[in-house]
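Notes for the one structure printed next.
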Number of protein chains: 2
Amino acid sequence: MTTQSRATLADVAMLAGVSSKTVSRVFAGAGNVSADTRERVLKAAKRLRFRPNNLARNLRRGGVTNTVAFVIGDLKNPFYFHVAAGIERELALRGLTMVLATTDDSPDSEERVVDALISQRVRALLLIPIADDQSYLEGERQLGTPVVSVDRPARNLVADSVVLQNRQGMAEAVRSLTAIGHRRIGFISNPSAMYTQRERLAGYREALREVGVHETAAWERLDDDPDISPELAVQSLLALPEPPTAIVAGNNRGSAGAVRVLRNLEPPVAFIGFDDFELADALDISVVAYDPMELGRTAARLALEHLEDPDSFTKQVEIPTRLIHRGSGEIPPPAR
Amino acid sequence: MTTQSRATLADVAMLAGVSSKTVSRVFAGAGNVSADTRERVLKAAKRLRFRPNNLARNLRRGGVTNTVAFVIGDLKNPFYFHVAAGIERELALRGLTMVLATTDDSPDSEERVVDALISQRVRALLLIPIADDQSYLEGERQLGTPVVSVDRPARNLVADSVVLQNRQGMAEAVRSLTAIGHRRIGFISNPSAMYTQRERLAGYREALREVGVHETAAWERLDDDPDISPELAVQSLLALPEPPTAIVAGNNRGSAGAVRVLRNLEPPVAFIGFDDFELADALDISVVAYDPMELGRTAARLALEHLEDPDSFTKQVEIPTRLIHRGSGEIPPPAR
DNA sequence: ACAACTTGGGACAGCGTTGACATTTTTGTT
DNA sequence: AACAAAAATGTCAACGCTGTCCCAAGTTGT
């Protein structure tokens, strides 16, 4: 007797002495139902612990649910969490719920995961592209499912996208270092093949070129193996015959590594990270910051707009970054 | 022509020249279908961009989906993120997906949110209880939906639960302080009314009683207003005529505040936090740590067990904590 | 007194899928 | 070559709900 079955509209209707359509009317809110009948129905529903079956409702209504999927590579990165929080927040305002799916940062599983979500008939798809090609989504997009690519642009797919001002953000950071005299500036990045990292690298090079530094390869530590710790990259920079007087990191992982190596170094090495992180203020670490929740909110908003007006043009939105001075980025190069 | 409609089994069947049941067989994996037919069907499906409709499938199958809901108060806390990651990971192994819903830490919305999820026919419900009473879930539980309460026990509801060794963890931390001579030990907690905080407070008091300290009220800073910053609580402790020589924090938020106030203090004040955090190692902060992903994994596993054996007894699981010595907790009291 | 509305409520079909069962085709056996 | 067993495929109904159409009983106006 663990499994008495769930009450349906018909059960409630029977108990209330009305037709199931009337019960439906009560629960759908609409329709003409007298106060008297409504009350009888609600009482019966309560007695039977009735909950409308959204599966059936959505099926009947044409197969659209009220869930929006967010596909990410790896849940452990706090960055994604904040993005997810922003999405959730924005969706909740419209009565939509978010389902979270991960691809374990594996390009192969991306299509599989997305496929499963489409089978669930999600209303919209927000994803952080990880595979090299999102053209497999083209059909779905044509069917009216909004697709928003987050943090990186999708490839071979016309879709809305929200990305950060990666290039400008990094360039601004490097400029603030060159402005106080730094010329030998290290850059650590891992995984460096990723769109965001490539952009940030471009910003780094651009800012150095502006002050006449064209040869930067020796100061770039571009890895693509998550097992290589950022600490190692930093140490290898410091071991150079002419070590950099400042270092910038392409992401929060790099920052964490750099912080561990650089503190208590004599003479101190200037540092600026990309992505803000908890306690960066306590550690006096300057960073290029932005609002990850805003990234999520914007992505959700784009999807919602597209849902409201399916024929709207696709949009590319850039979330601004800003350089936060906390001390580590303001250390001048040693006088020589 | 943005909205050509989605292909169904019947469409595929027509194109492949078979019955829709056969197409169903192909996509459900089961059943006997000749290699020849299977191929024809797959080809037709591909051409029509067919995706099985899980809504219909689940409805037909008896109204159970393959989603599990995780209800949390506030997505921004990194702690929940890791728990969610653990859940997601474990569910993915069984082909289940996680939907995330938040209650905005508002007890009133808990029932509403849960109700909506039940309407979605989630397979199981994992929640961090925030309301005072979860008895409203009793009916659902009887209907066979596993309910697992995470991080705090549910109230007025027989349900599986996974919690941390809050009391022992905190007691261990305090004992390690008393062992090196501390007697005046501050405790900061906010929001302190919460189950976990009450437990940790109890552990703190217990450890102090063991060394003969029974009067601790003066060193306890128990707040229940998220707007009161932990920094303030710490400062008010330090302002005491006889300030504590060590401080422990009830959660990561408290630790962050304490770290900001305590560093560079002379003489140094010992500190141990509850919850590990990024870069705690770089800051030499000792903490009571545990594996938040494990909390999630365990919760998911309990739900899955219950799904497999609906008549199994409810279980209460405790996730172990461990004290990590990093320096801040090993500072002895000033010699006097 | 009668048409013309309005209001509350019901009958029925069908959303896309699959389980139960029926039927046809293929295969294996002697 | 005949026949049983196995494999492949089909028919039909139903999962729980709501859209569409319909009807009965008021209500209003002339």
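A, B, ... follow the sequence lines: proteins, then strands. Residue 1 opens every chain.
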Whole Å only: how far is the [atom1] atom of [X] from the [atom2] atom of [N]?
X: B:N53; N: D:dC17; atom1: CG; atom2: P; result: 17 Å
X: B:L55; N: D:dC15; atom1: CG; atom2: C1'; result: 12 Å
X: A:L48; N: D:dG16; atom1: CG; atom2: P; result: 14 Å
X: A:R61; N: D:dC17; atom1: CZ; atom2: C1'; result: 9 Å
X: A:N58; N: D:dC15; atom1: CG; atom2: C1'; result: 14 Å
X: B:R38; N: D:dT9; atom1: CZ; atom2: C1'; result: 13 Å
X: A:N54; N: D:dC15; atom1: CG; atom2: C1'; result: 15 Å
X: A:R25; N: D:dT20; atom1: CZ; atom2: C1'; result: 11 Å

Taking atom CE of B:M14 as the centre, does the number of heavy atoms from other residues, nucleotides or ligands within less than 6.0 Å exceed 12? no

Heavy-atom neighbours of B:E39 CD exceed 12 at 6.0 Å: no

Toward the 5' end of DNA chain D, by each residue's nearest nucleotide, A:A10 or B:G17: B:G17

Find which nucleotide of DNA chain D each of B:T22 and B:R60 is nearest to by heavy atoms, and output the residue with the more 5' nucleotide. B:T22

Just to be sure I understand the rule, does A:F27 reach a base, reach only the sugar-phosphate, or reach nothing, if contact means heavy atoms closer than 4.0 Å? nothing

Touch class at under 4.0 angstrom, heavy-atom based, for A:S24 against every strand present: base

First contact, last contact: which nucleotides of DNA chain C are these for chain A, 5' to 3', heavy-atom distance under 4.0 Å? C:dG8 to C:dG16

So, are [X] and [Y] salt-bridged, with charged N and O less than 4.0 Å apart?
X: B:E140; Y: A:R6; result: yes
X: B:D36; Y: B:R40; result: yes
X: A:K315; Y: A:E305; result: yes
X: A:D291; Y: A:R297; result: yes

State whether A:S20 places a side-chain N or O below 4.0 Å from either non-bridging phosphate oxygen (OP1 or OP2) of D:dT18. no

Would you tell me if any nitrogen or oxygen in the side chain of B:N32 comes within less than 4.0 Å of OP1 or OP2 on D:dA7? no

Please round to the nearest 0.5 Å and tell me the distance separating atom CG of B:L127 and atom CD of B:E110. 5.0 Å

I want to verify a distance call: between D:dT20, D:dG16, D:dT9, whose nearest atom is closest to the A:A56 side chain? D:dG16

Of the nucleotides D:dT11, D:dG16, D:dG19, which has the atom closest to the B:S19 side chain? D:dT11

